[in-house]
Structures are given as C-alpha cells and as structure tokens.
Amino acid sequence: SEILRRAFELMTARGEQIAELMVRENGKALADARGEVAYAAEFFRWYAEEAVRIAGDVRTAPSGNNRIVVLRQPIGISLLITPWNFPAAMATRKIGPALAAGCTVILKPASETPLTALALAEVLAEAGVPAGVVNVLPSRRSGAVAQAVLADPRVRKLSFTGSTEVGRTLLKVAADQVVSCSMELGGNAPLVVLEDADLDVAVDGAMVAKMRNGGEACTAANRMYVHRSIATQFTERLARRMAAVTTGPGLSGAALGPLVNAEAVEKVHELVQDAAGRGARVLVGGRPGDGPGYFYPATVLADVPAGARILDEEIFGPVAPVVVFDDDEEAVRLANDTEYGLVAYVFTRDLARGLRVAEALDCGMVGLNRGVVSDPAAPFGGTKQSGLGREGGHEGLLEYTESKYVAVDW
Ligand code: NAP
C-alpha cells in the first residue's frame, strides 16, 4: 500500500515529463497526455487503498457441521500486454491491482510506446518496488514473446488490452496452460440522443466521447444515433464544435494531435470514403492534412446509411458519423447491432427512461448524460467480443486473486 501510494505521488510530481514523453511517442495532444497521466496515477492511489482491504470469508456449512473458510490469495506471476493509445493508464490499471494483490508482473508494452512503460518502471523502482517484481519487456516480436511467457507454467495470469483480433489469438495461446485471462478488447460505442435530451449536455458529451485522445480510444463514440426531431439541431451544433477543433503537433497546444501512424490515417480515410460513397454527407473535415505528419481533421458525417463500414468497424480517429432514429426501441436495436459491447452513451432529461435504455443496452458500461465513464474506482470492461473480466474498482483487484476454500471443523 505504501509503495503504491509513493508511486502515485512520484508519478504526479513527474507528470509533466511523462506527459511530454507520451506526446513524443504517440502523438496525442498535450492536454490529453496530461489527462492520461493524472488518470493513470490514480490507479496507484486507488489500489494503494485497496491493497489493505482484501477480505476473505467465513461461513457455516448448511449442515452446521463445519466451517467454510475462504482465503483470497495472489494468483501468481502475471503477463500484462498493453496498447499504444493509453500507454500509461493501460499499464497502471494492471500493475496497480496486481501489486496490491501480491503478484509479480511482466509488462509487454506496445512497440509504438515502450518508453512510457520504462518511465513507469523507474517510478515504481524509486517508490520501493523490489527488484524483479515489476519487469518491463519491450519487444517488436510480441507474438513470440507472449507465447514463450505463457508456455511457462509459473505464469498464471494474462491481462491483455488491445484489439479483439489479437485477444482471440492470445486466448487460444493461454488455453494450453489454462491461464486465467482478463481481456479488454475493442469497442464500437453508440451514443444515443433521445428527443428530450438537453442539447448542450448532449453536444458536450458527444465532443468528449468522440474527441478524448483524438478519437483513438476503445471508448470513443463511434456511432451517434439521434432522434429525428432534434437531428438537424444536434448535427449542426456538433459540426460547429468539430470545425473549431485545432489540429497540430501534440506539443503545439493544438486540441487534436496526429494519429499514431500512416496506416491509421489510411484506415480512417478509407472508412470516411466508403461512407461518403454510399451517400453520407461530409459536413466537416473528411480529408487527411496536406503537409507532413499523420494528421486527420475532426470530421462529421451526416445521413450515414446502414451498411457503411464506419458503423461496423472501430474508427480509431476523430470522425463522428450521425444516424437518425424514430423511437427508443429502434435506438436500442441499432446500438446493440454490433459484435462489440464495451460502452454506450445515452442522453435524456428523464432519468427513469435513461436507466431503462441503459438496462437494454448490451454492453459493460453506460455513460448516462456523460461522455466519459473511465474511473479508477469503477469496474471497466465489456460484454460480447469487447472482452472478459473487469479492470478498476474492487473487481479489478479480484482478477489478480484466486480464492482458496478451507473446510474446517472446529
Ligand atoms: P493490438 O494491435 O491488439 O496490440 C495490443 C498489444 O498486443 C500490443 O502490445 C501489441 O504489441 C501486442 N500484440 C500484437 N500482436 C500480438 C500477438 N500475436 N501476441 C501477443 N501480443 C501481441 O492493439 P493496438 O492497436 O495497440 O491498440 C488498439 C486496440 O486496443 C483497439 O482495438 C482498442 O479498442 C483496444 N483498446 C481496448 C481498451 C479496453 O479497455 N477495452 C483500451 C484501450 C485500447 P505490438 O505493438 O508489438 O504489436
């Protein structure tokens, strides 16, 4: 607990340096990087407080003859594999609970962002983590490294954050040694604006849900479903806000940095062109920048027709496709029409109606009148092909424990 608390303090004190490093590695805007450092450090603080609250259980068997004692023990050596989009937070969200539970870890960062992971390892070492407890293993040969680590029977846990495709592969590899898996995979978040929504709140929420981290987030609003009666108003307001987003190098103070690499720009543009080719109207943006760098401007697409690839595939960029619906049932059906189930956003002034829609949405998290759900104290994770297990909150800690039942007769 005390080591994690020191790690929180050291990371916070070094926040500016780590944020700049992240911008240089991954391109994100400095404001996003600062936000990530604060969010990432919070996992150390939260799990510093959870580390001393791992409770067991004592029950009496129904027969009355014996006691059932349940211990929570550390699961064992854990392999942590993280993506490039949140290079600090995805690592601390795993390291924090693993250490709190008493596990040693091997962190394999994304090859785009190894330096942030190494900076975190320095923070942890200075905070007092003993040598050998947190190991960072950068490699461009991710598949081979993961296979070798998972083949060792001492490794009992795999916690992976990344694409659904790689998640599926890793689940198969982990099956050989029957390793416990937590999987935080891709998302395709719907954002539903009901006709009674407060439009100021809905547009603010849509901007955050779409533009946090430049749209390169598993939680990014990918599909905006808006009730027909307010669709024009909502779309015009959103387009005005998106048109005002400044694009430039991450450290320049621009609100939107470059995407992570050339392939990312190509993929985003391909999805926009496919939608436009099927009849979607490009209201703002829609073309990569002319100069050097992997820039793609904030883009709004209206009247996106069913069948457009952009409604099925993760965009991972600053593009907001808007689709119109006529009633709550249709909105829920459209929102659930995806293999993913990470997060959804709902905007309405009627709390009961919002909760009814939230219950009907097939996903692990719902933002109700909010464009952000991430919180170290909350269970983060998805249903369907968005993953298995939860990170954050007390649930996130339990993923690194194994329960042991002792039958006692005293
Ligand atoms: P990715 O390609 O799946 O890579 C994620 C990590 O897996 C990287 O460290 C990568 O290493 C490694 N990797 C790739 N192939 C592997 C293999 N065969 N065996 C073992 N490890 C392998 O994902 P990404 O492009 O970095 O990240 C974007 C994805 O992450 C999106 O789909 C996004 O939705 C998802 N994501 C989900 C969450 C969540 O909480 N649900 C949060 C953030 C991101 P290399 O870099 O060396 O390839």
Side-chain angles (χ1 to χ4, degrees), residues 25-28 32 36 39-40 43 79-94 106-117 136-151 155 158-174 176 179 181-189 212-222 259-261 263-264 267-268 312-317 338-344 363-365 372-376 378-393 395-396 399:
E25 264 196 312
N26 130 327
K28 66 174 71 188
D32 279 324
E36 181 179 348
Y39 171 53
F43 284 102
L79 172 62
L80 317 177
I81 302 182
T82 51
W84 51 264
N85 65 335
F86 289 108
M90 296 304 96
T92 60
R93 194 164 81 173
K94 298 182 190 306
I106 301 160
L107 170 66
K108 207 300 290 170
S111 30
E112 294 277 8
T113 53
L115 301 181
T116 303
V136 180
L137 186 52
S139 172
R140 284 187 194 283
R141 299 178 59 210
S142 303
V145 166
Q147 282 212 352
V149 174
L150 290 171
V155 174
L158 166 63
S159 180
F160 171 75
T161 298
S163 60
T164 296
E165 192 190 344
V166 174
R168 284 190 197 106
T169 305
L170 282 171
L171 281 167
K172 288 176 194 149
V173 177
D176 279 345
V179 170
C181 289
S182 297
M183 294 273 150
E184 295 288 350
L185 309 178
N188 184 8
R212 177 168 170 246
N213 218 41
E216 292 180 311
C218 54
T219 50
N222 223 48
L259 298 186
V260 71
N261 53 33
E263 297 82 70
K267 163 91 193 294
V268 169
D312 291 328
E313 300 176 27
E314 268 195 299
I315 306 172
F316 245 61
T338 167
E339 66 183 19
Y340 296 106
L342 191 61
V343 60
C363 56
M365 302 174 285
V372 186
V373 293
S374 305
D375 188 319
F380 186 107
T383 62
K384 297 195 276 186
Q385 304 207 19
S386 285
L388 299 169
R390 294 293 179 266
E391 288 193 312
E395 288 91 334
E399 302 268 338

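Quantities reported herein were computed from a predicted structural model and do not represent experimental measurements. Numbering of ligands and ligand atoms starts at 1, following listing order. Quick note: residue numbers are just sequence positions, from 1.
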For [X], atoms of ligand 1 separated by under 4.0 Å from a heavy atom:
X: V166; value: 3 (O), 13 (N), 14 (C), 15 (N), 16 (C), 17 (C), 22 (C)
X: L342; value: 41 (N)
X: L170; value: 19 (N), 20 (C)
X: G143; value: 17 (C), 18 (N), 19 (N)
X: A146; value: 20 (C)
X: A110; value: 8 (C), 9 (O), 46 (O)

Next on the checklist: Just to check, does P109 reach to within less than 4.0 Å of ligand 1 when the distance is taken from its heavy atoms?
Outcome noted: yes
Checklist entry - Judged by non-hydrogen atoms, does R93 sit under 4.0 Å from ligand 1? => result yes
Considering distance alone, does some N or O of [X] sit under 3.5 Å from an N or O of ligand 1?
X: T161; result: no
X: T169; result: no
X: W84; result: yes
X: S386; result: no
X: L185; result: yes
X: N85; result: no
X: S142; result: yes

Suppose we measure from [atom] to each protein heavy atom; which comes out shortest, and what is that distance?
atom: atom 34 (O) of ligand 1; value: E314 OE2, 2.5 Å
atom: atom 35 (C) of ligand 1; value: G162 O, 3.2 Å
atom: atom 36 (N) of ligand 1; value: C218 CB, 3.5 Å
atom: atom 46 (O) of ligand 1; value: S111 N, 2.8 Å
atom: atom 7 (O) of ligand 1; value: F160 CE1, 3.2 Å
atom: atom 8 (C) of ligand 1; value: T82 O, 3.3 Å
atom: atom 12 (C) of ligand 1; value: I81 CG2, 3.8 Å
atom: atom 27 (O) of ligand 1; value: P83 CB, 3.3 Å

How about [X] and [Y]: does a side-chain donor come under 3.5 Å of a side-chain acceptor?
X: S182; Y: E399; answer: yes
X: T338; Y: K384; answer: no
X: E314; Y: N222; answer: no
X: E25; Y: T116; answer: yes

Item to check | Selected option - heavy-atom contact closest to atom 10 (C) of ligand 1, from M90, K108, E184 | outcome: K108
Checklist entry - Among G392, S163, G364, A220, whose heavy atom sits nearest atom 1 (P) of ligand 1? => result S163
Next on the checklist: Would R212 and Y39 count as a cation-pi pair here, with the cationic atom under 6.0 angstrom from the ring centre and within 45° of the axis?
Outcome noted: yes
Heavy-atom donor-acceptor pair, [X] side chain to [Y] backbone, under 3.5 Å:
X: E36; Y: A88; value: yes
X: K28; Y: N85; value: yes
X: N26; Y: P87; value: no
X: T92; Y: A40; value: yes
X: T113; Y: P109; value: no

Could you check whether any side-chain heavy atom of [X] comes within less than 4.5 Å of a side-chain heavy atom of [Y], counting everything from C-beta outward?
X: F380; Y: V343; value: no
X: V260; Y: W84; value: yes
X: L137; Y: V145; value: yes
X: K94; Y: T161; value: yes

Next on the checklist: Yes or no, since that's all I need: does a protein heavy atom fall within a distance strictly under 4.0 Å of atom 30 (O) of ligand 1?
Outcome noted: yes
Item to check | side-chain hydrogen bond (donor to acceptor under 3.5 Å, both in side chains) assessment of K108 paired with S142 | outcome: CA-CA 8 Å; K108 207 300 290 170; S142 303; 3.1 Å; yes
